[in-house]
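Here's the structure, in structure tokens; my notes come after.
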Amino acid sequence: LTSLGFLLVRSAGTLALVLRGAQGAVWALVYSAGAALAVELAPPGRLAQTMGLWGSANLVTSAIAPAAVEPMIDRGGPWMAYLVAAAAGLGALGVTRLVDEKPPGSTAAARAIPLARVLGRPSTLRMMLIVVIAGAAWGAMFTFHQPMALGLHIHNVRGFFIAYTAGAPPARPCYNS
């Protein structure tokens, strides 16, 4: 929906800020859900390696997306990228409908704790603060480099993302097998 919303953006104003904020929030949810699934599916004794692979897979998408989208924008304009992103989102939603797995059973104690109580824990509040700060830093780094590049008359930034991804260390287990 946010991708379609960007079809209405005509300036870097309130609508763009709200849509970008919504994209950031949704990304955090998707990343967290994917990480939780990776943890659940990790083979015994391979959690660190599984999380490294999960992180690497996400990192690779940081290089693939701009490398695919910039030529698309050059050929068809930004609206084409927004429509393709919306179609990909709908496709992903459709794939989730194919999942027919019952969630793992939870203990009676876990079900008895109200969400408000969990959210009010000092450790939860500290973690939410860390996530917000890290998200703001990440968002600033990856939101504002494109306008800066355009201001410097650099119209393609895919090389930055490819170099960023290539420069990251490969996922390796941090334990002795």
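Side chains of Leu83 and Leu4 form a contact here, defined as non-hydrogen atoms less than 4.5 Å apart. Counting only heavy atoms from C-beta outward, the side chains of Met128 and Thr124 approach each other to under 4.5 Å. Here the side chains of Thr50 and Val39 are not in contact, with every heavy-atom distance at 4.5 Å or above. In this structure, Thr2 and Val26 have side chains that are not in contact, with every pair of non-hydrogen atoms separated by 4.5 Å or more.
Judged purely by atom type and a 3.5 angstrom limit, Thr61 uses its side chain to pair as donor or acceptor with the backbone of Asn58. Using modelled atom types, no side-chain atom of Thr165 and backbone atom of Val60 make a donor-acceptor pair closer than 3.5 Å.
Note on Val30 and Leu19: separate hydrophobic clusters, where clusters join Ile, Leu, Val, Met, Phe, Trp and Tyr whose side-chain heavy atoms are under 4.5 Å apart, directly or indirectly. Note: the hydrophobic cluster containing Leu7 also contains Leu15 (ILVMFWY, side chain heavy atoms under 4.5 Å, direct or indirect links). Placement of Ile130 and Val132 in two distinct hydrophobic clusters is found when ILVMFWY residues are connected by side-chain heavy-atom separations under 4.5 Å, directly or transitively. Cluster membership check: Met127 does not share its hydrophobic cluster with Leu129, using side-chain heavy-atom separations under 4.5 Å among Ile, Leu, Val, Met, Phe, Trp and Tyr. Note on Leu47 and Trp54: same hydrophobic cluster, where clusters join Ile, Leu, Val, Met, Phe, Trp and Tyr whose side-chain heavy atoms are under 4.5 Å apart, directly or indirectly.
Ring geometry for Trp27 versus Tyr31: interplanar angle under 30°, hence parallel rather than tilted (30 to 60°).
Every pair tested for side-chain hydrogen bond (donor to acceptor under 3.5 Å, both in side chains) that includes a residue from residues 74-93 fails, sequence neighbours excluded, so the list is empty.
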Please list, one pair per line, the donor and acceptor atoms closer than 3.5 Å that link side chains of residues 63-73 to other protein atoms, with sequence neighbours excluded.
from, atom 1, to, atom 2, distance (Å)
Glu70, OE1, Val157, N, 3.4
Glu70, OE1, Arg158, N, 3.2
Glu70, OE1, Arg158, NH1, 3.2
Glu70, OE2, Val157, N, 2.6
Glu70, OE2, Arg158, N, 3.2

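Taking all atoms of both residues into account, the shortest heavy-atom contact from Ser3 to Ala86 is CB-N, 3.9 Å.
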